[in-house]
There are 2 protein chains.
Amino acid sequence: MTSPGSLEGTEAEVAACRSERDPFQWDVREDCQVRQILDRIADKWSLLVIALLDEKTLRFGELGREIDGISKRMLTVTLRNLERDGLVLRTVYPEVPPRVEYELTPLGRTLLGTTQALVNWSEEHQDEIAEARQAFEAR
Amino acid sequence: MTSPGSLEGTEAEVAACRSERDPFQWDVREDCQVRQILDRIADKWSLLVIALLDEKTLRFGELGREIDGISKRMLTVTLRNLERDGLVLRTVYPEVPPRVEYELTPLGRTLLGTTQALVNWSEEHQDEIAEARQAFEAR
DNA sequence: CTGTATCCTCAGTGATACTG
DNA sequence: CAGTATCACTGAGGATACAG
């Protein structure tokens with residue numbers, strides 16, 4: 001049985017991600033590793049956490065306060081997933097009261113450019129999207 | 001009342017996305033337009049549809065067959081959302097049997113570079129992530 | 001402060017049947 | 001073929017209380 005949150009996949013499955021019919025075309029298979037990684041990164045909170053961890057190391061509570069609407073539970077879950085995937089480093093300082101800091105790993109930092117591009121795109125095109133929506137509703 | 005799937009927001013809310021304390025820093029507010037756009041794009045199916053619509057116009061059934069695991073219902077919902085946001089163009093040919101083709105709009109095409117970057121990142125780093133996971137489990 | 005443990009809700013999703 | 005309409009379900013996520 002597959003453990004929860006697993007990213008496993010056989011080599012055959014991974015190889016199936018690039019179509020055999022056309023190596024430049026993309027096969028969107030459910031068991032594809034890329035699909036699974038995408039699903040994890042593109043969830044409700046991960047992108048936001050990664051964006052906030054740009055440059056600045058942040059504590060658990062700081063992240064919670066910066067991300068409007070996230071619960072402690074989901075912050076913990078999200079951070080654990082990112083840590084598990086090697087994107088975020090968690091450092092516990094044995095003090096009292098406890099202090100835990102989160103920062104991007106080198107691997108996590110390679111993702112940063114892409115995520116920021118997504119955020120920037122959203123910012124740049126939000127007006128166009130708002131207009132498209134209005135036009136669609138007025139149909 | 002806000003219509004379902006709305007992307008509305010007051011100007012004050014939109015302006016709140018960039019922090020006033022530090023214009024280069026990012027305020028992650030729940031009512032922020034960028035958050036809402038991100039939520040929509042980063043759902044389970046949208047990225048896959050956009051990636052498949054790169055270059056090639058596709059019919060409803062073709063999309064359904066290419067995307068492993070998607071139901072007709074979710075394909076419809078996803079395509080309608082993308083159409084509503086002006087990212088995808090839907091063309092109905094008055095034939096029998098009916099033919100409906102989907103393609104990216106110019107706006108949708110501006111998003112393509114970013115989404116492909118995400119997919120490429122996933123492909124490039126899937127081995128590192130797999131290793132990180134193993135290390136984490138072995139803890 | 002930084003979580004963990006429980007319980008519970010509901011939105012997203014799938015399955016199925018039906019329609020133009 | 002390309003949907004729409006219903007219904008049912010699951011699991012992501014929130015609330016709360018508790019713990020180290």
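FYI, side chains are in, hydrogens and waters are out, and symmetry mates aren't considered; it's all heavy atoms of this structure. In what follows, chains are A, B, ... by sequence order, proteins preceding strands, each numbered from 1. Please read all numbers here as calculations on a predicted model, not as lab measurements.
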Kindly point out which of dG3(D), dC1(C), dC1(D) is positioned nearest to the side chain of P97(A)?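 The answer is dC1(C).
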Please state how far atom CG in L63(B) lies from atom P in dG3(D), giving the value in whole angstrom units.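 About 10 Å, once rounded to whole Å.
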Sub-4.5 Å side-chain heavy-atom contact between Y102(B) and V49(B):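 Counting from C-beta outward, Y102(B) and V49(B) never come under 4.5 Å.
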Determine whether L89(B) and L82(B) fall in the same hydrophobic cluster, where Ile, Leu, Val, Met, Phe, Trp and Tyr are linked whenever their side-chain heavy atoms lie under 4.5 Å apart.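 Shared cluster, no.
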Interatomic distance, Y102(A) OH vs dC1(C) P [rounded to whole Å]: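 Atom-to-atom, Y102(A) to dC1(C), this comes out as 14 Å.
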Among L104(A), L112(A), T105(A), which one satisfies side chain to side chain contact (heavy atoms under 4.5 Å, CB included) with L53(A)?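 Only one of L104(A), L112(A), T105(A) forms a side chain to side chain contact (heavy atoms under 4.5 Å, CB included) with L53(A), namely L104(A).
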dA11(C) P sits how many Å from D39(B) CG, rounded?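 Value for this atom pair: 15 Å.
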Atom-pair distance (CD on E62(A); C1' on dG3(C)), nearest Å: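 These atoms are roughly 16 Å apart.
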Rounded to whole Å, how long is the line connecting atom CZ of R65(B) with atom C1' of dA2(D)?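 That distance rounds to 12 Å.
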Sugar-phosphate only, base, or nothing, as touched by Y93(B) at under 4.0 Å among non-hydrogen atoms: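 Since no nucleic acid heavy atom lies under 4.0 Å of Y93(B), the category is nothing.
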Could you check whether any side-chain heavy atom of F136(A) comes within less than 4.5 Å of a side-chain heavy atom of D85(B), counting everything from C-beta outward?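 Not in contact.
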Starting at atom CG of N81(B), determine the distance to atom C1' of dA11(C), rounded to an integer number of angstrom.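 Rounded to whole Å, this separation is 13 Å.
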Return the value, rounded to whole Å, for the distance between atom CZ of R99(B) and atom P of dG3(D).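 That distance rounds to 13 Å.
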Assess whether atom CD of Q134(B) is packed by more than 12 heavy atoms of other residues, nucleotides or ligands within 6.0 Å.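 Counting neighbours around CD of Q134(B), 12 or fewer heavy atoms of other residues, nucleotides or ligands fall under 6.0 Å, so no.
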Under 3.5 Å, side chain of T110(B) to main-chain N/O of L107(B), donor-acceptor pair present?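 Checking the backbone N and O of L107(B) against the side chain of T110(B), a donor-acceptor pair under 3.5 Å is found.
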Using whole Å, report how far CZ of R90(B) lies from P of dC1(D).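 That distance rounds to 16 Å.
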Once base and sugar-phosphate atoms are separated, protein heavy atoms under 4.0 Å mark nucleotides 14-20 of chain D, 5' to 3', with B, S and - as BB-B--B
